[in-house]
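For the single chain, residues carry numbers from 1 onward in sequence order.
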Amino acid sequence: WHLVHASPPIYPNEFSLWSGLITSASDHISDELQLLVVDWLVLAGLLAGKEKRRFEHQLGDFASAEAGEEQFHWLKRVLERGHGKYRWRVVTAHRPIISASSRFAHDNVAYPGESSTREALRFLLENSDVDVYLNGHDHTAQHACTQRDDFNGKNKLTHYITNGIGGYEFHHLVDNDKRPIEPLAAKNTFHGFAMHSVPQAKFDTVFIGHDGTVALEFALSQPQQRCT
């Protein structure tokens, strides 16, 4: 939608869904889940710097450095304002930050701006105590996890979930010995969709295959101290 012409992005819009009512996001400080939807191409306008980007000659003004700066500062403000107010903090965008796919490995080399965007966004999310990052782009089903010490006797985790199994063809996975260390599970053998449910202290993910069977599932819980 950013190619050549595009409508203005809607990322500055904020609202809460609470007991069937839509109200200002600042009205509640005890919501169970904060969900932030960001535009990868817009963020890359800033975070990629001068480095090569995918489709860079086709991108419109809404994926420019100025647009990226506006969205990035908005994202930082929202994350800072919501610190400590939510049980789960979830950010979603199109492209992966961590992946075991060969497409990911290729793009990090062919488009250095992709790698720079991933590194900058990962740093922001993990230092803002984001629990889950959801993405598509890679036609695979994946779960990755990072773990860090909060210097208070506890570990902080961020989970990265890729759902691209609705794509028209699968993307290859690199061999195990060439994968990043963070992926815990990666599959590219079934088409389908993913379902997420958040019953308070749990964040459950189920990947459903085209035949209706469960092809991959895992449950996140709080407090969770290690990536498993």
Side-chain angles (χ1 to χ4, degrees), residues 32-38 40 86-108 114-115 117-119 121-150 154-167 169-228:
E32 292 292 331
L33 181 145
Q34 181 185 43
L35 174 64
L36 302 176
V37 181
V38 296
W40 180 280
Y86 300 91
R87 185 186 297 274
W88 293 98
R89 309 190 82 185
V90 181
V91 174
T92 182
H94 180 68
R95 295 185 184 175
I97 292 177
I98 299 172
S99 175
S101 77
S102 57
R103 182 189 200 186
F104 179 91
H106 170 269
D107 285 358
N108 274 343
E114 287 286 299
S115 179
T117 301
R118 288 168 175 148
E119 291 175 6
L121 192 54
R122 175 176 172 176
F123 182 84
L124 173 63
L125 300 186
E126 294 185 1
N127 283 278
S128 301
D129 291 340
V130 169
D131 299 292
V132 180
Y133 176 79
L134 304 174
N135 65 271
H137 192 64
D138 284 354
H139 299 175
T140 60
Q142 297 188 55
H143 173 213
C145 179
T146 61
Q147 176 180 312
R148 58 207 175 278
D149 190 346
D150 71 351
K154 297 180 180 179
N155 290 323
K156 293 287 188 178
L157 308 183
T158 298
H159 297 268
Y160 298 83
I161 301 174
T162 295
N163 173 23
I165 52 174
E169 63 180 11
F170 298 123
H171 290 152
H172 294 292
L173 298 170
V174 298
D175 294 337
N176 288 334
D177 61 345
K178 296 180 181 179
R179 294 182 184 181
I181 62 173
E182 298 90 353
L184 302 176
K187 291 188 175 183
N188 65 344
T189 55
F190 63 96
H191 288 290
F193 63 94
M195 179 176 65
H196 308 286
S197 57
V198 190
Q200 295 186 343
K202 293 180 64 181
F203 190 105
D204 297 331
T205 296
V206 179
F207 285 90
I208 308 295
H210 68 279
D211 58 356
T213 60
V214 175
L216 176 65
E217 62 181 324
F218 48 89
L220 316 178
S221 60
Q222 292 183 343
Q224 188 175 16
Q225 291 292 299
R226 297 196 178 279
C227 293
T228 55

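Within 6.0 Å of atom NE2 in H94, more than 12 heavy atoms from other residues, nucleotides or ligands are found, so the atom counts as buried in its surroundings.
Closest approach of F190 to A141, counting heavy atoms only: CZ-CB, 3.9 Å. In plain terms, the two heavy atoms of H159 and C145 that are nearest each other are CE1-SG, 3.6 Å. Counting all heavy atoms, side chain and backbone alike, A185 lies closest to L216 at CB-CD1, 4.1 Å. Contact between A186 and A100 at its shortest, heavy atoms only, is CB-CB, 4.3 Å. Scanning all heavy atoms of the two residues, the minimum distance from D131 to W88 falls at OD2-CA, 3.3 Å. Of all the heavy atoms in S99 and Q142, the pair that sits closest is OG-NE2, 2.9 Å.
Side chain of H191 to main chain of I165: a donor-acceptor pair is present (N/O by atom type, distance under 3.5 Å, no hydrogens or angles). The backbone N or O of H171 sits less than 3.5 Å from a side-chain atom of N188, completing a donor-acceptor pair. Proximity of a side-chain donor or acceptor of R89 to a complementary backbone N or O of S128 within less than 3.5 Å is detected. Between the Q222 side chain and the R87 main chain, a donor and an acceptor come within less than 3.5 Å of each other. A donor-acceptor pair is defined here as one N or O able to donate and one able to accept, closer than 3.5 Å; such a pair exists between the side chain of D211 and the backbone of T213.
S221 OG to D204 CG: the interatomic distance, rounded to the nearest 0.5 Å, is 9.5 Å. One distance of note links CG of N135 with CZ of R118; it measures 9.0 Å at 0.5 Å rounding. Distance check, rounded to the nearest 0.5 Å: OG1 of T117 to CZ of R95 gives 8.5 Å. Note that NE2 of H143 and CD1 of I98 are 10.0 Å apart. Values are rounded to the nearest 0.5 Å. Distance check, rounded to the nearest 0.5 Å: CD of E126 to CG of L121 gives 10.0 Å. To the nearest 0.5 Å, the span separating NZ on K187 from OG1 on T140 amounts to 12.5 Å.
In this view, L134 and V90, T92, V132, I161, H196 satisfy the side chain to side chain contact (heavy atoms under 4.5 Å, CB included) rule, not counting sequence neighbours.
Residues H137 and W40 have side chains not in contact (no heavy-atom distance under 4.5 Å, counting atoms from C-beta outward). Here the side chains of R226 and N155 are in contact, with some heavy-atom distance below 4.5 Å. Side chains of L184 and F218 form no contact here, defined as non-hydrogen atoms less than 4.5 Å apart. Taking the side chain as every heavy atom from C-beta outward, E182 and R122 approach each other to under 4.5 Å. Contact annotation: the side chain of N108 never approaches that of E119 to less than 4.5 Å [non-hydrogen atoms, C-beta and beyond]. A heavy-atom distance below 4.5 Å is found between the side chains of T146 and Y160. Side-chain contact between H106 and S101: absent, with no pair of heavy atoms (C-beta onward) separated by less than 4.5 Å. Residues R148 and T158 are in side-chain contact: their nearest non-hydrogen atoms beyond the backbone lie under 4.5 Å apart.
Judged by distance alone, the side chains of D138 and T162 never bring a donor and an acceptor atom under 3.5 Å apart.
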